[in-house]
Amino acid sequence: MTDDLKQRVIDAIKTVYDPEIPVNIWEVGLIYDVVVDDDGRASVTMTLTSPMCPVAESLPVEVEQKVSSVEGVASAKVDVVWDPPWNPDMMSEAAKLDLGMF
C-alpha cells in the first residue's frame, strides 16, 4: 500500500512545472526525497534552482497542494532545503534531452 501511494505521490509531483523550465520538477531534479508513512503522511524534501528563484514562494505550496490531493494522503509536508545545492547534473537524461543539453 505505501509503495503504491508513494508512486501516486511521485506521479502528482510530476505534474508540477517550474514556469521557467518546460520540464516537470521531478525530472529537473528538484525533489530530493519522498516519504509516505503507513498513516498516509507524506513528506517531500525539495530544493529550487536558486534561493532567488522567482517561484520560491509558490512552487513548494503547489507541490504540497498536489501531494495533498492524492487519494490516501492524510497530510502533506514540504521542506525546502539548500544543501546539497541544485545543479544541472541532477536533471534526468530526459530533462537534459528536452532542454537540448546534450
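- Two residues are said to be in side-chain contact when any heavy atoms from C-beta on lie closer than 4.5 Å; Leu97 and Glu93 fail this criterion.
- Under a cut-off of 6.0 angstrom, the local environment of NZ in Lys77 is sparse, with at most 12 non-hydrogen atoms contributed by other residues, nucleotides or ligands.
- In plain terms, the two heavy atoms of Ala56 and Pro51 that are nearest each other are CB-O, 4.3 Å.
- Ion pair Lys96/Asp98 not flagged as a salt bridge, since none of the NZ, NE, NH1 or NH2 atoms sits closer than 4.0 Å to an Asp/Glu carboxylate oxygen.
- Val63 and Tyr17 fall into different hydrophobic clusters, where Ile, Leu, Val, Met, Phe, Trp and Tyr are joined by side-chain heavy atoms under 4.5 Å apart, directly or via other members.
- Linking ILVMFWY residues whenever their side-chain heavy atoms come closer than 4.5 Å, directly or via other members, places Val81 and Val55 in the same cluster.
- Listed for the Asp37 side chain is a donor-acceptor partner under 3.5 Å among the backbone atoms of Asp39.
- Taking CG of Asp33 as the reference point, atom CE of Met46 lies at 13.0 Å (rounded to 0.5 Å).
- Here the closest non-hydrogen pair linking Met90 and Pro85 is CE-O, 3.4 Å.
- The minimum heavy-atom distance between Leu5 and Gly40, with the atom names listed, is CD2-CA, 4.1 Å.
- In this structure the side chain of Ile21 reaches within 4.5 angstrom of the side chain of Thr49, judged on heavy atoms.
- Scanning for side chain to side chain donor-acceptor pair (under 3.5 Å) contacts around Thr15 gives Lys66, with sequence neighbours left out.
- In this structure, OG on Ser92 lies 3.5 Å from CD on Glu27, to the nearest 0.5 angstrom.
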Evaluation steps, side-chain contact (heavy atoms from CB on, under 4.5 Å), between Ile25 and Ile31: CA-CA 7 Å; Ile25 64 171; Ile31 304 299; 3.8 Å; yes
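- Linking ILVMFWY residues whenever their side-chain heavy atoms come closer than 4.5 Å, directly or via other members, places Trp86 and Met101 in the same cluster.
- Under a 3.5 Å cut-off, the side chain of Lys6 and the backbone N or O of Val35 do not form any donor-acceptor pair.
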Test log, rule side-chain contact (heavy atoms from CB on, under 4.5 Å), inputs Asp18 and Val28: CA-CA 9 Å; Asp18 181 321; Val28 173; over 6 Å; no
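- Under a 3.5 Å cut-off, the side chain of Tyr32 and the backbone N or O of Val44 do not form any donor-acceptor pair.
- With rounding to the nearest 0.5 Å, the separation of CG in Leu59 from CD in Glu20 is 10.5 Å.
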Working for side-chain contact (heavy atoms from CB on, under 4.5 Å), residues Trp82 and Thr47: CA-CA 6 Å; Trp82 302 108; Thr47 195; 3.7 Å; yes
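- With hydrogens and angles ignored, the 3.5 Å screen pairs no side-chain donor or acceptor of Arg41 with any backbone N or O of Val36.
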side-chain contact (heavy atoms from CB on, under 4.5 Å) assessment of Val78 paired with Val67: CA-CA 9 Å; Val78 174; Val67 171; 5.7 Å; no
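- Within the model, atoms CG of Leu30 and CD1 of Ile13 stand 11.0 Å from one another, a figure rounded to the nearest 0.5 Å.
- Rounded to the nearest 0.5 angstrom, Met91 CE and Trp26 CH2 are separated by 16.0 Å.
- Rounded to the nearest 0.5 Å, atoms OG (Ser69) and CD (Glu64) are 11.5 Å apart.
- For Gln7, the side chain to side chain donor-acceptor pair (under 3.5 Å) partners at least two apart in sequence or on another chain are Asp11.
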